[in-house]
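Remarks on the structure that follows.
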Amino acid sequence: MSVSTELSKNGTSPEKLLAPVLSAFWDESASWTLETYRRHEGYEGLRKALAMTPDEVIAYVKDSGLRGRGGAGFPTGMKWQFIPQGDGKPHYLVVNADESEPGTCKDIPLLFANPHSLIEGMIIACYAIRSEHAFIYLRGEVVPVLRRLHEAVREAYEAGYLGKDIDGTGRNLDITVHAGAGAYICGEETALLDSLEGRRGQPRLRPPFPAVEGLYACPTVVNNVESIASVPAILNKGKDWFKSMGTEKSPGFTLYSLSGHVAGPGQYEAPLGITLRQLLDMSGGMRPGHRLKFWTPGGSSTPMFTDEHLDVPLDYEGVGAAGSMLGTKALQCFDETTCVVRAVTRWTEFYAHESCGKCTPCREGTYWLVQLLRDIEAGKGVMSDLDKLNDIADNINGKSFCALGDGAASPIFSSLRYFREEYEQHITGKGCPFDPRKSTLWADTEVNA
Amino acid sequence: MTTSPQNRGVSLGMPQLPAPDFPAEVRARLETDAREVVARYPDSRSALLPLLHLCQSEEGHVSKTGIRFCAETLGLTTAEVTAVATFYTMYRRRPSGDYQVGVCTNTLCAVMGGDAIFEELKEHLGVGNNETTADGKVTLEHIECNAACDYAPVVMVNWEFFDNQTPESAKAMVDDLLAGREVAPTRGAPLCTYKETARILAGFPDERAGAVEATGGGGPASLIGLRIARGESPHTPIVHPRGETRTEGGE
């Protein structure tokens with residue numbers, strides 16, 4: 001019996017729930033090439049965009065309702081509109097491909113399998129904001145993706161999409177692929193700009209915002225990979241098509257990344273508003289014999305959810321109303337074998353390591369959180385440590401220079417809210433009650449990789 | 001810190017002499033590359049991160065000589081370059097192995113087995129975190145989330161993806177590296193050395209035949225949603241109850 005007939009009885013046919021657009025041809029053997037991309041209507045969106053004026057393109061993208069896919073959900077067209085025009089300064093587009101948020105794994109497979117969707121989106125964006133030089137800031141630790149970006153940019157020059165006086169129109173555009181060097185903080189847009197200027201990646205005080213003084217103190221749009229890569233399809237198939245998916249305030253399609261103790265980890269491109277229950281239902285659920293314990297809706301910086309939240313619509317409003325954030329739609333699922341204290345300790349060690357050191361609450365606060373958590377995990381904690389954890393997290397949250405600090409506080413608050421007894425167990429039982437071997441990929445013979 | 005052995009412990013020791021320069025022919029070659037890197041940017045300082053990668057492509061790490069080269073190329077002080085070089089984890093501060101083996105031990109990979117893989121590799125190789133085998137081949141380290149959580153547990157070697165690893169597969173892989181056999185990742189191109197990888201990171205495309213094409217389109221996990229949307233699900237769908245799998249494996 002096919003999946004569709006089985007599930008259609010429940011009204012949850014996967015064909016209706018999923019909407020592969022960016023991922024529609026990732027299974028072709030040469031999916032990353034210009035030739036394949038063109039066979040799938042590649043660069044058609046650009047053709048349509050160039051038939052409009054730049055301001056019309058900005059208005060069109062704004063009307064489509066596309067919101068930033070990097071975590072914050074800010075309307076993409078509005079970011080473009082903020083760029084002052086006629087100011088005589090160079091304008092820049094910088095694509096944030098520094099995908100490093102724990103759990104987040106959508107931009108890297110997208111760029112590996114379909115880099116031209118980003119290149120086309122960048123050309124459209126640069127036309128709209130009147131930019132002649134764009135940058136892709138790719139995290140350095142993904143050389144397979146770097147290779148394909150080098151190749152895609154080379155192909156785009158060769159095909160005449162990039163270069164000087166493109167098609168005799170007088171339009172110029174260069175794209176520079178820039179590899180970072182290992183620093184989570186560079187995913188923060190102003191830290192990214194400092195890093196791209198050859199400095200330590202530390203966030204800048206705002207205002208001025210990048211739209212006014214960004215790269216080299218010139219007007220700059222910083223957009224996430226997936227946001228820009230979504231633009232060509234919107235131009236090609238129309239904003240009404242785009243708005244026919246998702247919800248009124250969160251329109252369109254997006255990549256959901258399912259990972260952890262699930263039967264079918266991977267990328268699921270679907271209209272915004274799908275639920276984790278629907279995604280698990282169509283993909284085989286949790287690994288056999290286990291149940292969901294906790295999960296993140298959008299990476300480790302978004303407050304965790306439990307099995308109570310399986311039906312939360314995964315759009316910006318739905319997740320926000322349930323007390324978390326959609327973030328990067330990184331659905332990390334952990335089953336009942338996982339120790340929440342161990343998980344939170346490890347995330348907190350990550351934030352302490354990646355704190356750039358610029359502001360005191362984050363630099364010092366994450367350090368002390370790690371000390372307390374390590375003690376608790378090792379059975380050396382005392383009950384008052386739990387309130388202390390909350391206090392320190394409260395002194396980081398909202399009081400740090402950038403969102404890294406807020407992100408570090410999220411797992412602390414949310415885990416104490418849902419799993420306080422588990423912390424207490426570590427203290428009263430003087431140790432961790434979990435066996436880490438049971439959580440591994442190979443713990444159960446029937447585990448499905 | 002790097003005072004001579006007699007002075008160890010005297011932290012207010014003598015100022016150090018400037019680092020030696022690269023040999024003339026190396027410097028000439030690097031200058032040619034550096035000009036190409038600098039030309040990509042409206043402002044030369046933007047070339048600093050790629051230039052530090054370029055220094056690693058020459059020496060395998062960022063030495064004082066490399067820092068001096070970057071400073072002279074960009075009109076910066078060595079202090080300014082050092083401040084940047086020490087901020088980013090991908091710049092190695094001392095000579096290291098031809099193959100950088102990084103085991104992801106961020107939460108999800110750690111829980112799924114990354115911790116066990118890292119422990120077993122330490123024992124198997126007889127090295128600790130950030131240490132190199134005696135033959136100079138393999139440097140082991142634990143790394144943070146590398147954006148491949150749907151392939152957990154993940155090991156990166158010279159920043160190519162080794163997906164869905166186990167302690168056994170990881171040990172067999174490092175054995176191959178130590179024996180000098182060709183090793184290919186699950187996603188990415190057959191491994192080149194750390195220095196060759198650093199050159200790609202400096203922005204010079206990989207010229208090896210087949211490197212861009214290697215391992216094809218999307219990896220298996222990347223394709224799962226697409227397959228389900230086409231009705232080609234590899235898994236038995238769950239109808240009820242949801243979130244827990246009372247249904248047995250579907251084949």
Side-chain angles (χ1 to χ4, degrees), chain A residues 2-4 6-7 14-15 18 20 23 26-29 31 99 102-103 105 108-109 113 140-141 143-144 147 150-151 176 179 181-183 197-198 200 216 259-260 263-269 277 281-286 288 291-292 307 310 332 338 343 346-347 350 439-442 449, chain B residues 40 42-43 45-46 48-49 83-84 87-91 106-108 110-113 115-116 144-150 152-153 156 159-161 164 166 187-188 197 200-201 205-206 211-212 216-218 221-226 228-229 231 233 235-239 242-245 249:
Chain A
S2 81
V3 181
S4 50
E6 173 64 29
L7 281 188
E15 287 88 338
L18 294 177
S23 63
W26 289 3
D27 57 341
E28 293 206 13
S29 59
S31 65
E99 181 167 66
C105 49
I108 294 308
E141 302 99 322
V143 170
R147 269 190 204 98
H150 283 155
E151 174 65 8
T176 301
E197 290 183 4
R200 297 165 78 101
Y216 314 127
S259 63
Q267 305 302 318
Y268 295 80
E269 201 172 6
R277 190 188 298 282
D281 279 0
M282 73 174 75
S283 64
M286 299 298 287
R291 60 179 175 75
L292 179 65
D307 57 358
L310 276 164
Q332 308 176 87
T338 314
R346 197 58 64 89
W347 278 324
F350 166 77
S439 305
T440 60
L441 182 69
W442 52 86
Chain B
R40 295 179 203 142
D43 182 312
R45 181 159 180 168
S46 283
L48 181 50
L49 267 64
V84 172
F87 184 85
Y88 297 93
T89 51
M90 286 175 76
Y91 300 129
N106 200 301
T107 299
L108 190 123
V111 165
M112 301 291 288
D115 276 357
E144 299 297 355
C145 185
N146 221 80
C149 314
D150 45 348
M156 305 296 295
W159 309 115
E160 311 280 344
F161 290 100
N164 300 123
T166 63
R187 282 180 298 146
T197 306
I200 305 171
L201 287 161
D206 194 339
V212 174
S222 308
L223 301 179
I224 188 164
L226 179 60
I228 290 174
S233 170
H235 297 286
T236 309
I238 310 280
V239 179
R242 289 73 44 107
E244 36 188 274
T245 49

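Basis for what follows: all heavy atoms, side chains included, without hydrogens, waters or symmetry-related copies. The chains referred to below are lettered A, B, ... by the order of the sequence lines, with proteins before strands, and numbering in each begins at 1.
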Could you tell me the separation between the [atom1] atom of [X] and the [atom2] atom of [Y], rounded to the nearest 0.5 Å?
{"X": "B:Glu160", "Y": "A:Arg147", "atom1": "CD", "atom2": "CZ", "answer": "4.0 Å"}
{"X": "B:Ile228", "Y": "A:Glu269", "atom1": "CD1", "atom2": "CD", "answer": "13.5 Å"}
{"X": "B:Asp150", "Y": "A:Gln332", "atom1": "CG", "atom2": "CD", "answer": "11.0 Å"}
{"X": "B:Asn146", "Y": "B:Trp159", "atom1": "CG", "atom2": "CH2", "answer": "6.0 Å"}

Top residue by heavy-atom pair count (under 4.5 Å) with chain A, among [options]?
{"options": "B:Ala147, B:Gly225, B:Gly218", "value": "B:Ala147"}
{"options": "B:Met90, B:Glu144, B:Met156", "value": "B:Met90"}
{"options": "B:Pro153, B:Ala148, B:Pro205, B:Ala116", "value": "B:Pro205"}
{"options": "B:Thr166, B:Thr197, B:Leu48, B:Asp115", "value": "B:Asp115"}

Can you find a heavy atom in the side chain of [X] that is under 4.5 Å from one in the side chain of [Y]?
{"X": "B:Leu108", "Y": "B:Cys145", "result": "no"}
{"X": "B:Arg45", "Y": "B:Val84", "result": "yes"}
{"X": "B:Asp206", "Y": "B:Val212", "result": "no"}

With a 4.5 angstrom heavy-atom cut-off, is it the side chain or the backbone of [X] that approaches chain B, or both, or neither?
{"X": "A:Asp27", "result": "both"}
{"X": "A:Phe350", "result": "both"}
{"X": "A:Pro20", "result": "side chain"}
{"X": "A:Thr338", "result": "side chain"}
{"X": "A:Glu28", "result": "backbone"}

Quick one, B:Asn106 with A:Trp347, criterion side chain to side chain contact (heavy atoms under 4.5 Å, CB included). Give me CA distance, side-chain angles, the key distance, then yes/no. CA-CA 7 Å; B:Asn106 200 301; A:Trp347 278 324; 3.4 Å; yes

Between A:Ser31, A:Ala113, A:Ser439, A:Ala179, who has the most heavy-atom pairs with chain B when the cutoff is under 4.5 Å?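 Looking at each option in turn, the highest pair count goes to A:Ser439.
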
Which of A:Pro102, A:Cys105, A:Ala181, A:Ser23 touches chain B most, by non-hydrogen pairs under 4.5 Å: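 Option with the greatest count: A:Ala181.
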
